Undergrad: 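My structure is below; once you've seen it, I'll send some questions.
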Amino acid sequence: MADAGARAGLVVLDDETSLPVPARWAGQLLVLGARLARRRRRDGWQLVVGISVPTRLYGALLISSGWILAQPGVRQSDVLAEARSIAPGTPVRLATAQWLVAERFYGVDSTRGKPRIHVGGSSWMIDAIDHIAADPALHEDRFGRTEVTKAGSLVKATGHGTTWAADQCACRPTVAVVGIRTRLEPELALQAGWAGRDGHLDRLADILRPDEGKSAFCASAILPGGMQYLPEAPTEAQLVVLDGATAIRWLPEVRTPVVVGLIDRSSADESAAIALLQRRSMGQPVAVGALGWDPLPGIETLAFEVRA
Amino acid sequence: MTRLSYVGDLYAVSGSIGSAATPLDIFAIADPSGASLDRAVRELGRQVREGSIALLTDLLTVARRLRWRVSIEPFPSRHSQDRNDLVAELANLASQCRLMVGADTRWILDTLLRAANAVNSDAAPPLGEFLLQSLNGLGSAGAVLVLSGARTAGGTRSWLRELDAPITVPVVSDRDKGGPDVYDKAYLIGAPSVFGATAFGAPRARNLAYLFPSWIQDRELPTSDFSSYAEGGLRPRTQLHRIGQEAFIPERLRNVEDRLIPEPVWRQPKPRLPAGEAEVHARRVLLCGGLSIMLDLEGDTIRTLDPSRPAGRRVGMSDVAAVGPGTYLVLREGQTESGPLYTRTLARLGADAGCVEESQAGWKGALQRQLQALGPAEVVRRLHARGVQAAAQAPAWTAQTLARPRSDADFAILLQWLELPEQPYRQHAGALRQARSQASADVRDALEGALGEADMGSLQQVGILRLDLDLEGFAGIIATRVIAISPYLDVVPRSELRIPKEDASSRWLE
């Protein structure tokens with residue numbers, strides 16, 4: 001994403017608010033997620049970013065949303081050629097303007113007029129399909145149809161306007177948020193948008209599409225941090241966001257290439273800061289400027305790399 | 001104000017304070033009676049440091065507590081829950097001490113008693129007078145008062161209500177959550193160290209003012225380690241306002257008893273090793289409700305409660321190492337829960353209970369024989385040498401209520417070392433562990449059920465809650481907040497672990 005959030009254009013809305021309100025703070029957190037996604041990785045090292053904010057509200061989900069929106073858009077030039085290369089019986093992901101479909105692929109039928117693609121119990125006109133890809137590892141439990149969400153002004157502002165259906169179709173849970181689920185889940189209803197652009201606001205739930213074990217089209221996972229062990233993050237996860245002290249205690253056990261620890265300053269619990277500083281003592285400092293991020297006053301940042 | 005504008009304001013205000021654009025006001029207010037009390041506490045502290053009379057330590061605990069209340073309570077004595085009791089207790093202890101001490105110390109006791117009586121007054125202290133002037137002068141619109149602790153906040157509310165010209169202003173405790181508004185001005189009653197870095201890290205108001213008696217020397221803002229290392233770390237600026245004269249503290253007393261927030265006086269036990277299996281190392285943990293327990297270091301988890309979580313999800317098991325001041329422990333009065341839990345676990349196993357018990361007795365018995373033959377230290381050493389990670393806990397593994405070592409690898413090595421086959425021991429221990437976690441879940445459900453109706457607000461205020469569960473062996477459950485944990489290790493009989501006992505030293509610390 002370009003410097004979308006850094007300018008004064010980001011607005012947010014929740015169920016208590018009747019008009020979108022400008023929110024530079026939220027833009028900053030989106031940008032942080034985006035910068036981390038775009039940063040070139042250093043082999044064999046894990047990047048850890050600790051940030052302290054006056055309240056944890058929405059922070060973890062905004063950073064994660066920024067990360068997802070910074071993933072490159074999925075373009076497919078030749079759907080037919082792609083379909084022909086798939087072996088019958090293979091599970092596939094498929095996107096039309098309206099549906100995301102996860103099903104078994106049965107073949108291309110070119111006997112009458114325009115080719116049609118057989119997936120699951122349906123057959124789709126080739127022109128209706130925006131994207132198709134084989135996913136041999138996809139489990140039958142996740143087969144099914146989901147409605148495509150339309151791109152809102154934030155999604156458009158980050159360059160996903162034309163690819164949004166395909167992006168949702170191809171996405172994998174590359175980010176995991178660890179925290180208290182009862183706090184995080186209501187925050188998914190937050191809507192963010194880009195003032196001055198066409199379109200509705202985007203719900204964080206539609207950007208993050210957290211994995212609930214049913215759908216193939218998940219971009220994230222929300223994991224409980226209050227257990228006696230660290231729940232396993234999805235294998236595709238590249239970023240883990242640890243939301244608050246209960247989650248940050250797991251820092252030494254997180255293995256993803258990038259980790260963010262979000263410290264809530266309204267909590268008097270100092271264990272989160274201690275856990276981050278202890279980890280830092282084993283690493284090499286990284287200047288925040290080197291991340292391409294220039295936080296607002298009031299956001300404290302500590303970045304470093306540790307050997308993975 | 002909506003939640004989103006609150007969050008936006010919080011970021012803006014935090015940035016303004018953190019970047020020193022808006023200074024924090026510090027008002028040090030002259031308070032002669034409080035200053036006399038402070039001096040007397042310091043004199044007494046010096047005596048305790050030099051002398052050896054245990055009762056003087058108890059007196060010092062009470063005197064510190066009184067000084068602490070005076071430093072954070074802006075109201076007359078009658079609105080304070082315990083200032084009267086503290087002064088009475090202080091007088092009682094002082095009169096007992098008088099009989100044991102020399103003339104010098106007797107003089108200190110008399111001064112202390114005079115000072116204590118002077119602060120136990122029906123008039124508002126200078127701290128309160130100054131607060132009223134500020135509220136009346138600048139107007140209380142947009143203001144909030146922040147007090148240390150729910151009891152102090154309650155006392156402040158009743159004081160403001162009963163004034164000849166009552167003042168209506170929100171009064172909160174520092175433990176209350178912030179929001180839903182960022183106020184214009186917050187008056188924090190107490191020195192900056194009382195409120196921690198949270199007060200300006202997540203400010204309740206655009207402008208913060210700390211008000212406290214000028215005999216308090218420690219006026220520094222608390223620092224957070226994270227801020228000092230982080231880029232963009234908060235660097236607030238303070239502006240000191242002296243109201244009246246500064247208190248005089250003689251040089252020889254400057255560094256005595258200069259810590260305001262009362263801490264327990266721990267007595268260091270004579271170091272010794274546990275004698276045999278029946279004794280273990282443990283720390284004393286002071287709890288709300290005038291209680292304490294001895295908490296072992298070997299056991300792995302303890303039941304805890306988080307009152308800030310929604311009903312039905314408050315109870316959990318926490319690592320013993322993670323227990324600290326502020327943690328709520330769920331304890332069983334008279335007996336630990338492990339006995340009744342074990343009975344319930346066997347009931348859950350049904351017909352298998354017999355062979356599981358027999359198989360458990362098999363490997364535990366073998367371990368017990370090794371412990372007796374070689375001594376615990378040697379057993380630990382040998383297991384450690386063989387790669388058992390948790391070797392130090394080996395003596396605890398003989399306890400009937402403990403299913404097995406936590407790690408699979410440790411258990412396998414242990415069985416090998418005891419020259420026992422892996423099966424059926426592993427299978428039976430596994431079954432026991434599973435049944436135990438089901439039994440534990442039953443207890444948790446019953447606790448959550450009982451807690452669902454209990455008043456979490458009052459738990460947070462008084463620090464202790466008593467519950468009766470409708471579950472065999474689980475009547476008389478208490479949830480209580482940890483006040484402090486002793487830095488010293490004590491040796492106690494295993495049977496005394498985790499059993500709440502009355503403890504006078506926690507009484508004045510809550």
Side-chain angles (χ1 to χ4, degrees), chain A residues 11-18 20-26 28-29 50-59 180-183 190 224 226-228 246 249 261 263-274 276-277 280 285 287-289 293-304, chain B residues 1-21 174-175 177-180 182 195-204 222 224-235 300-301 304 306 308-310 312-313 316-319 322 324-327 406:
Chain A
V11 291
V12 289
L13 179 71
D14 69 2
D15 51 0
E16 288 181 354
T17 321
S18 51
V21 292
R24 267 186 86 193
W25 60 275
Q28 284 259 318
L29 297 173
I51 72 168
S52 103
V53 287
T55 169
R56 56 155 295 285
L57 279 170
Y58 303 112
I180 296 176
R181 296 174 60 130
T182 46
R183 290 185 190 160
L190 184 76
M227 324 246 289
Q228 287 179 55
T246 12
R249 71 198 161 110
I263 298 180
D264 181 353
R265 290 203 297 267
S266 71
S267 151
D269 188 341
E270 285 185 33
S271 64
I274 293 168
L276 274 158
L277 291 171
R280 178 178 176 272
V288 177
W293 194 48
D294 180 23
L296 291 166
I299 300 182
E300 305 178 298
T301 318
L302 191 68
F304 53 93
Chain B
M1 191 183 263
T2 66
R3 185 162 58 170
L4 283 176
S5 33
Y6 170 64
V7 175
D9 283 2
L10 206 49
Y11 273 90
V13 171
S14 172
S16 166
I17 289 175
S19 63
D174 55 344
R175 296 206 193 110
K177 273 182 82 68
V182 173
F195 297 97
T198 298
F200 54 84
R204 288 174 195 267
S224 101
D225 286 342
F226 193 79
S227 296
S228 22
Y229 287 102
E231 289 188 49
L234 305 182
R235 304 278 185 275
D300 36 14
T301 57
T304 56
D306 183 350
S308 68
R309 301 191 61 176
R313 315 180 78 149
M317 297 301 287
S318 295
D319 209 317
T327 309
R406 210 193 301 192

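Keep in mind that the numbers below use all heavy atoms, side chains included, and drop hydrogens, waters and symmetry copies. Protein chains get the first letters and strands the later ones, always in sequence-line order, with residue 1 at the start of each. Please read these numbers as outputs of a predicted model, since none were measured by experiment.
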Undergrad: Is it the backbone or the side chain of B:Ser19 that comes under 4.5 Å from a heavy atom of chain A, or both, or neither?
TA: side chain
Undergrad: If every non-hydrogen atom of B:Gly233 is compared with every non-hydrogen atom of A:Glu300, which pair is closest and at what distance?
TA: CA-OE2, 3.3 Å
Undergrad: Do you know which of A:Ile274, A:Leu190, A:Val288 has the most heavy-atom pairs with chain B at a distance under 4.5 angstrom?
TA: A:Val288
Undergrad: How many angstroms lie between CG in A:Leu13 and OG1 in B:Thr2, if you round to the nearest 0.5 Å?
TA: 9.5 Å
Undergrad: Tell me, yes or no, whether the heavy-atom count around B:Arg313 atom CZ, taken from other residues, nucleotides or ligands under 6.0 Å, exceeds 12.
TA: no
Undergrad: Which one, B:Ile17, B:Leu10, B:Asp225, leads in non-hydrogen pairs under 4.5 Å with chain A?
TA: B:Leu10
Undergrad: Counting heavy-atom pairs closer than 4.5 Å to chain A, which one of B:Asp174, B:Val7, B:Val13 comes out on top?
TA: B:Val7
Undergrad: Report which part of A:Ala287 has an atom under 4.5 Å of a heavy atom belonging to chain B: side chain, backbone, both, or neither.
TA: both
Undergrad: Hey, which of B:Gly324, B:Gly201, B:Gly18 has the most heavy atom pairs under 4.5 Å with chain A?
TA: B:Gly201
Undergrad: I need the minimum non-hydrogen distance between A:Ala273 and B:Phe226, along with the two atoms involved.
TA: CB-CB, 3.8 Å
Undergrad: Could you tell me which portion of A:Ile299 (side chain, backbone, both or neither) has an atom closer than 4.5 angstrom to a non-hydrogen atom of chain B?
TA: both
Undergrad: Taking all atoms of both residues into account, what is the closest heavy-atom pair of B:Leu234 and A:Gly298, and its distance?
TA: CD2-CA, 4.0 Å
Undergrad: I need the A:Ile180 CD1 to B:Asp306 CG distance, nearest 0.5 Å.
TA: 6.5 Å
Undergrad: Relative to chain B, which segment of A:Ile263 carries a heavy atom at a distance below 4.5 Å: side chain, backbone, both, or neither?
TA: side chain
Undergrad: Drop me the distance from A:Arg265's CZ to B:Phe200's CZ, to the nearest 0.5 angstrom.
TA: 9.0 Å
Undergrad: Given the options A:Val12, A:Leu296, A:Val21, A:Asp264, which has more heavy-atom pairs under 4.5 Å with chain B than any of the others?
TA: A:Val12
Undergrad: Measure the shortest side-chain to side-chain distance between B:Leu4 and A:Tyr58 over non-hydrogen atoms and say whether it is less than 4.5 angstrom.
TA: yes
Undergrad: If I take atom OG1 from residue A:Thr55 and atom CZ from residue B:Arg3, how far apart are they, to the nearest 0.5 angstrom?
TA: 9.0 Å
